[in-house]
**Student:** 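Just passing along the structure, written as structure tokens.
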Amino acid sequence: MKGIAETNPDVAGALPQGYAGLPNETLRELLRLLSPLQIEGDAYGLIFEYFMGQFAATFMQKGGEYFTPASIVKLIVEVIEPYHGAILDPACGSGGMFVHSAEFVRRHHKAPEKEIGVFGVEKMADTLRLCRLNLAVHGLSGDIREANSYYDDPHKLVGRFRLRHGQSALQPT
């Protein structure tokens, strides 16, 4: 994990460090169970999204935290059509809006790392780490900061985003 974080600074401090404590037999059994799976496309992303949904259903919504299902996020992305520009999610959670926006850009034959900029705010440190991991799993990076967007604007972006005439994506002014 240390080597991964050194080569990818976006996940520094986000990767779990407890794998060394797991017995080798447990890790071998996990790999044995997963090896027959035939998942096409974004396998890591699908697995990550599944477990986030399960975790959210069990734990997050009891304490005022909410997880927006992927189907709703996909609908929002289709409405805003983020072909290019900056994307701000002031309650980014695990980063689903960014991942689905990148998928939208790829479907339109463009490279998301060249077309979109990612700006996120998340108030929960653990969820912020999940967001960074989710972005890394999907080959994305961005400026994700810990804050409560009701009170703070860590990116100093209030009033700098608007819908420009003739364009669908939000653009910084």
Side-chain angles (χ1 to χ4, degrees), residues 8-11 14 39-173:
N8 187 348
D10 289 335
V11 297
I39 302 174
E40 294 184 22
D42 181 17
Y44 290 117
L46 292 171
I47 292 167
F48 188 88
E49 198 168 88
Y50 170 80
F51 282 111
M52 275 303 302
Q54 295 300 310
F55 173 79
T58 305
F59 299 103
M60 289 173 64
Q61 294 179 0
K62 293 177 183 167
E65 296 293 315
Y66 294 93
F67 176 78
T68 306
S71 58
I72 301 298
V73 175
K74 287 178 186 177
L75 175 63
I76 293 168
V77 167
E78 291 298 320
V79 169
I80 66 171
E81 298 178 319
Y83 291 102
H84 55 84
I87 300 171
L88 170 64
D89 188 343
C92 67
S94 61
M97 179 67 71
F98 305 133
V99 170
H100 290 292
S101 293
E103 289 171 5
F104 177 90
V105 171
R106 281 188 199 101
R107 281 196 322 271
H108 290 88
H109 310 290
K110 301 280 185 170
E113 62 277 3
K114 294 179 182 176
E115 297 295 326
I116 59 175
V118 169
F119 297 89
V121 180
E122 175 51 46
K123 70 177 187 170
M124 305 298 292
D126 289 340
T127 308
L128 178 97
R129 285 193 291 277
L130 287 175
C131 179
R132 288 187 179 148
L133 286 174
N134 195 13
L135 291 176
V137 162
H138 289 91
L140 302 170
S141 64
D143 188 354
I144 313 299
R145 298 187 186 181
E146 184 178 352
N148 184 333
S149 60
Y150 283 123
Y151 309 109
D152 301 316
D153 179 18
H155 299 292
K156 307 295 183 228
L157 295 174
V158 168
R160 294 190 54 213
F161 282 80
R162 65 183 173 90
L163 209 50
R164 290 187 179 167
H165 181 69
Q167 294 181 337
S168 299
L170 291 173
Q171 303 290 317
T173 57

**Student:** Can His108 and Phe104 be said to form a ring-ring contact (aromatic ring centres under 6.0 Å, His included), step by step?
**Tutor:** CA-CA 7 Å; His108 290 88; Phe104 177 90; 4.3 Å; yes
**Student:** Drop me the distance from Glu122's CD to Arg129's CZ, to the nearest 0.5 angstrom.
**Tutor:** 11.0 Å
**Student:** Using the rule given for side-chain contact (heavy atoms from CB on, under 4.5 Å), can you reason through Ile144 versus Phe98, listing the C-alpha separation, both sets of side-chain angles and the distance that settles it, and then say yes or no?
**Tutor:** CA-CA 11 Å; Ile144 313 299; Phe98 305 133; 3.7 Å; yes
**Student:** Measure the spacing between NZ of Lys123 and OH of Tyr150 and express it to the nearest 0.5 Å.
**Tutor:** 7.5 Å
**Student:** Say you draw a straight line from OG of Ser149 to NE2 of His155; how long is it, rounded to the nearest 0.5 Å?
**Tutor:** 9.5 Å
**Student:** Within the distance-only criterion (no hydrogens, no angle test), does the side chain of Asp89 pair as donor or acceptor with the backbone N or O of Met97 below 3.5 angstrom?
**Tutor:** no
**Student:** Given Leu130 and Asp126, is the side-chain contact (heavy atoms from CB on, under 4.5 Å) satisfied, shown in steps?
**Tutor:** CA-CA 6 Å; Leu130 287 175; Asp126 289 340; 5.9 Å; no
**Student:** What heavy-atom pair brings Pro82 and Val105 nearest, and what distance separates the two atoms?
**Tutor:** O-CG2, 3.2 Å
**Student:** What is the distance from atom OG of Ser101 to atom CD of Glu115, rounded to the nearest 0.5 Å?
**Tutor:** 13.0 Å
**Student:** Run the side chain to side chain donor-acceptor pair (under 3.5 Å) test against Glu78 and tell me which residues pass, sequence neighbours left out.
**Tutor:** Arg107
**Student:** So, using side chain to side chain contact (heavy atoms under 4.5 Å, CB included) as the criterion, who are the partners of Arg106 when residues are at least two apart?
**Tutor:** Ala102, Glu103, Pro112, Leu140
**Student:** Lys110 versus Tyr83: any side-chain heavy-atom pair under 4.5 Å?
**Tutor:** no
**Student:** Pairs in or reaching into residues 136-156: which pass salt bridge (charged side-chain N to carboxylate O under 4.0 Å, His left out), with residues at least two apart or in two chains?
**Tutor:** Asp143-Arg145
**Student:** Report the distance from atom CZ of Arg132 to atom OG of Ser141, rounding to the nearest 0.5 Å.
**Tutor:** 11.5 Å
**Student:** To the nearest 0.5 Å, tell me how far Ile87 CD1 sits from Cys92 SG.
**Tutor:** 12.0 Å
**Student:** On a heavy-atom basis, which atom in Val121 and which in Pro154 lie closest, and how many Å separate them?
**Tutor:** CG2-CG, 3.8 Å
**Student:** So which atom in His84 and which in Ile116 form the shortest heavy-atom distance, rounded to 0.1 Å?
**Tutor:** CA-CG2, 4.0 Å
